[in-house]
Undergrad: 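The structure that follows is given in the form of structure tokens.
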Amino acid sequence: MCGIVGIIGGSDVAPRLIEGLKRLEYRGYDSGGIAALANGGIERRRAKGKIIELETRVREDPVRGAIGIGHTRWATHGVPNEANAHPHANDRVAVVHNGIIENFQVLRRDLLDDGHVFASDTDTEVVVHLISQEIAEGVEPIEATRRALTRLEGAFALGILLRDREDVLIAARQGSPLAIGHGDGEMYLGSDALALAPMTRRITYLEDGDWALLTRDGATIRDLDGRDVERPEHLTGLSGAMIGKGGHRHFMAKEIFEQPQVIGDTLNAMFNPANRTITLPDLPFDLATVPRIVMVACGTASLAGMVGKYWMERLAGVPVEWDVASEFRYRAPMMADGGLAVFISQSGETADTLAALRYCKEHGQHCLAVVNAPESTIAREAHSVLPTLAGPEIGVASTKAFTTQLVVLACLTIALGRARGTLGRAEEARLCTALSEVPSRAAEVLHHAERIRAIAQETVAPARDVLFLGRGTSYPLALEGALKLKEISYIHAEGYAAGEMKHGPIALIDENFPVVVIAPSDGAFDKTASNLQEVVARGGRGIVLTDPEGVARLGALTPDVIALPAVDPFVAPILHAIPLQLLAYHTAVEKGTDVDQPRNLAKAVTVE
Ligand code: M6R
């Protein structure tokens with residue numbers, strides 16, 4: 001969370017800092033700010049709210065200076081207001097920060113005892129005072145910065161301006177991502193390569209423990225003992241063009257409607273239509289002998305992993321342990337020697353998922369990442385990568401990333417099953433055929449958008465609470481439907497295994513309580529239909545996602561039934577995700593919430 005940008009250049013940097021912040025706004029958007037060195041001092045502008053507010057502020061009161069830093073914030077310490085917005089600064093030092101300085105309270109207490117006065121409630125401000133204190137004691141500013149950095153614990157990516165060093169911009173990384181951009185007579189700093197793409201494609205990623213001195217001619221990267229370290233320069237494939245909404249009202253709508261295309265793109269990288277087989281890239285381990293798999297991720301990505309668990313256990317006969325990353329890494333999980341650990345992430349920067357990956361590496365697991373951002377930290381640190389080809393996902397709610405994650409996990413399941421002998425040739429061909437039909441079936445599902453909009457407006461938007469039910473692979477989808485609805489519409493929603501309903505949530509059901517039931521006509525259909533009967537019998541309003549056979553079997557049980565295309569149950573979760581996304585989307589639009597940037601959330605969660 002939080003986005004950082006910095007430029008040391010030859011002309012005024014403020015307009016480009018703001019452009020960079022707009023490209024980083026997906027990381028947090030509760031306040032923003034920039035600072036630049038001009039006329040021998042630090043000039044700073046900050047504003048509560050989105051970057052557009054900061055842009056207005058800077059237009060009214062321009063900032064000059066050819067070296068500067070900028071920040072878009074997702075609040076951790078201190079409410080989102082102007083005082084807590086970054087950069088934090090005094091007359092000597094300005095700092096932008098992404099992460100959490102875990103020992104800030106101890107540092108702050110010491111600094112207060114030494115007479116420092118704090119202007120914000122943030123953890124970040126201690127960095128300003130630590131550096132200033134060293135300088136006040138006569139230490140040269142760059143050495144003062146190095147000394148301050150050695151006192152910080154926790155996770156940080158920092159950009160630092162020193163009043164007396166117009167020739168140097170300082171960067172430091174411990175845990176939170178940070179990239180250096182190489183220009184012509186200019187150098188840049190950014191939370192990711194996307195922010196820097198309009199200025200340069202030449203990128204160096206800092207590693208944990210690095211700090212860097214950027215001058216107009218290049219960068220020197222050091223460890224905290226002051227030794228120079230070498231980090232390679234990459235050519236990023238990211239485009240500098242601003243990503244548009246393609247005629248849609250929101251990024252989320254655009255991304256939902258892109259799914260037939262990106263599902264096809266992702267599948268085509270692994271699917272051979274000539275012989276209906278799956279070919280994965282070369283992997284540095286043997287799928288046939290993997291004793292056990294752990295599947296770890298956060299949020300929606302973790303729910304893709306849960307679907308993957310159901311698939312791999314049933315079709316490839318391999319034990320799969322599933323967990324959310326924030327729990328997994330703290331519970332001393334059992335891992336088999338030579339086991340496979342799969343990490344799923346859209347951003348490739350999620351702090352808990354990254355930490356779990358590092359933990360599994362230390363414990364001798366083969367680490368395989370399913371990521372959408374090919375240059376991300378998780379992609380770089382994993383032993384191997386199976387990419388989702390969803391393209392940039394801007395809306396905070398994950399949509400096309402989820403369905404492409406499912407496609408990759410489906411392909412991995414088939415490859416595992418073939419390697420382990422649980423899937424014969426004919427069975428592999430059948431599953432591949434089912435997968436190959438998903439792009440066109442997804443396009444058919446999108447034809448239901450208007451009907452789903454009507455249900456969202458009439459039944460879901462007025463509700464206070466919504467329950468989602470499913471069995472088998474529809475259970476993780478129930479969790480995903482609930483997550484999607486609550487994050488963008490702010491309606492309380494719960495996902496439940498349908499069979500568990502009578503063990504508690506059934507007490508909630510009345511005529512104001514919509515229950516979304518995901519019921520493809522698979523082996524669990526009749527049992528799920530019984531659960532729906534129980535809802536209807538108590539006056540609850542069932543909204544059912546099924547297929548033509550399911551419609552026939554349900555009869556007139558409830559009026560709100562969506563008949564999705566008939567497909568092999570194997571691929572049903574990929575298709576059933578789409579109406580859940582549309583339901584959440586249209587409910588949020590009806591409620592007038594900020595669909596693409598819902599309150600309190602950020603697209604990349606880079607703090608624990
Ligand atoms: O970038 P990641 O896939 O690692 O992100 C994981 C979650 O933060 C993310 O899926 C989150 O739950 C979404 N906002 C859900 O729509």
Side-chain angles (χ1 to χ4, degrees), residues 1-6 14 17-18 20-36 41-63 68-105 107-109 111-112 116-132 152 154-161 176 191 195 396 487 490 592-594 596-608:
M1 351 275 270
C2 302
I4 289 178
V5 64
L17 289 176
I18 288 180
L21 292 179
K22 285 184 182 165
R23 295 172 70 89
L24 286 171
E25 209 167 12
Y26 72 91
R27 303 177 78 95
Y29 34 78
D30 63 48
S31 54
I34 60 170
I42 295 172
E43 288 252 356
R44 178 171 63 148
R45 304 287 179 274
R46 297 179 295 170
K48 181 173 185 264
K50 297 194 179 183
I51 297 304
I52 189 108
E53 310 293 337
L54 174 67
E55 190 174 27
T56 307
R57 177 74 54 89
V58 173
R59 199 178 309 119
E60 289 162 2
D61 188 6
V63 176
I69 50 180
H71 189 267
T72 180
R73 180 169 186 248
W74 183 88
T76 59
H77 297 66
V79 297
N81 60 17
E82 188 171 326
N84 289 330
H86 299 215
H88 292 285
N90 58 18
D91 63 340
R92 279 196 164 127
V93 179
V95 174
V96 286
H97 168 218
N98 170 25
I100 294 177
I101 294 165
E102 286 170 1
N103 61 336
F104 90 98
Q105 265 162 331
L107 296 170
R108 186 178 165 116
R109 212 167 26 242
L111 288 159
L112 285 168
H116 289 260
V117 176
F118 281 75
S120 78
D121 302 320
T122 65
D123 52 337
T124 307
E125 199 185 340
V126 295
V127 184
V128 175
H129 294 279
L130 286 173
I131 299 172
S132 306
L152 305 181
F156 50 84
L158 293 164
I160 302 169
L161 278 186
S176 304
S191 290
V396 162
E487 76 176 323
Y490 315 148
T593 57
D594 189 340
D596 286 331
Q597 296 182 328
R599 69 184 180 206
N600 304 339
L601 288 167
K603 186 73 183 157
V605 183
T606 56
V607 295
E608 283 185 46

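Heavy atoms only: backbone and side chains are in, while hydrogens, waters and symmetry mates are out. Numbers here simply count residues along the sequence, with the first being 1.
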Undergrad: The criterion is side chain to side chain contact (heavy atoms under 4.5 Å, CB included); which residues satisfy it with A157, sequence neighbours excluded?
TA: I4, N98, S176, L178

Undergrad: Would a 4.5 Å heavy-atom cut-off, applied to side chains only, mark V128 and L130 as touching?
TA: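 A side-chain contact under 4.5 Å is absent here.
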
Undergrad: Search all heavy atoms of V396 against all heavy atoms of P598 and return the closest pair with its distance.
TA: CB-CD, 3.7 Å

Undergrad: For A89 versus I42, what's the shortest heavy-atom pair and its separation?
TA: CB-CG2, 4.5 Å

Undergrad: When you measure from the side chain of R44 to the backbone N and O of P87, does any donor-acceptor pair fall under 3.5 Å?
TA: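 Such a contact is found between R44 side chain and P87 backbone.
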
Undergrad: Could I get the full list of salt bridge (Lys or Arg N to Asp or Glu O under 4.0 Å) partners for K50, not counting sequence neighbours?
TA: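 With sequence neighbours excluded, K50 shows a salt bridge (Lys or Arg N to Asp or Glu O under 4.0 Å) to D594, given in chain and number order.
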
Undergrad: Please list, chain by chain and in numerical order, all residues satisfying side chain to side chain contact (heavy atoms under 4.5 Å, CB included) with D30, sequence neighbours excluded.
TA: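 Scan of D30 (side chain to side chain contact (heavy atoms under 4.5 Å, CB included), adjacent residues dropped) gives R73, A75, P80.
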
Undergrad: Shortest non-hydrogen contact from A36 to V63?
TA: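 Taking A36 first and V63 second, the nearest heavy atoms are CB-CG1, 3.7 Å.
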
Undergrad: Going from CG on D123 to CG on L152, what distance comes out if it is rounded to the nearest 0.5 angstrom?
TA: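 Nearest 0.5 Å value for the CG-CG distance: 10.0 Å.
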
Undergrad: Tell me every residue that passes salt bridge (Lys or Arg N to Asp or Glu O under 4.0 Å) with R27, counting only those two or more places apart in sequence or in another chain.
TA: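 Per chain and number, R27 pairs via salt bridge (Lys or Arg N to Asp or Glu O under 4.0 Å) with D192.
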
Undergrad: H97 and side-chain contact (heavy atoms from CB on, under 4.5 Å): which partner among I160, L158, T76?
TA: L158

Undergrad: To the nearest 0.5 Å, how far apart are CG in L54 and CD1 in I34?
TA: 5.5 Å

Undergrad: Mind checking side-chain hydrogen bond (donor to acceptor under 3.5 Å, both in side chains) for D596 and listing every partner two or more places apart, or none if nothing turns up?
TA: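 Expected list: none.
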
Undergrad: Atom OG1 of T72 and atom CG of L21: how far apart are they, to the nearest 0.5 Å?
TA: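 Between T72 OG1 and L21 CG, I get 6.0 Å after rounding to 0.5 Å.
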
Undergrad: For residues 75-91, pull every pair meeting salt bridge (charged side-chain N to carboxylate O under 4.0 Å, His left out), keeping only residues two or more places apart or in separate chains.
TA: R57-E82, D91-R163

Undergrad: Could you list the residues that satisfy side-chain hydrogen bond (donor to acceptor under 3.5 Å, both in side chains) with E487, not counting sequence neighbours?
TA: none

Undergrad: Under the rule for side chain to side chain contact (heavy atoms under 4.5 Å, CB included), what residues qualify as partners of F118, not counting sequence neighbours?
TA: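 With sequence neighbours excluded, F118 shows a side chain to side chain contact (heavy atoms under 4.5 Å, CB included) to R108, L111, L112, H116, E125, V126, H129, given in chain and number order.
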
Undergrad: Can you measure from OG (S191) to CG (L24) and round to the nearest 0.5 angstrom?
TA: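 Answer for the OG-CG pair, S191 versus L24, is 5.0 Å.
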
Undergrad: Taking atom OG1 of T56 and atom CG of D61, what is their separation to the nearest 0.5 Å?
TA: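 It comes to 12.5 Å.
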
Undergrad: If I compare all heavy atoms of Y29 with all of L601, which pair ends up nearest, and what's the gap?
TA: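 Nearest heavy atoms, Y29 then L601: OH-O, 3.0 Å.
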
Undergrad: Using salt bridge (Lys or Arg N to Asp or Glu O under 4.0 Å) as the criterion, list what pairs up with E25, not counting sequence neighbours.
TA: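 Counting only residues at least two positions away or on another chain, E25 forms no salt bridge (Lys or Arg N to Asp or Glu O under 4.0 Å).
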
Undergrad: Please report the interatomic distance CZ(F104) to OG1(T124), rounded to the nearest 0.5 Å.
TA: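 Here the interatomic distance stands at 9.5 Å.
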
Undergrad: Please enumerate all residues that pass ring pair (Phe, Tyr, Trp, His ring centres under 6.0 Å) together with H71, with sequence neighbours excluded.
TA: H86

Undergrad: With N81, which residues qualify under side-chain hydrogen bond (donor to acceptor under 3.5 Å, both in side chains), at least two apart?
TA: N84

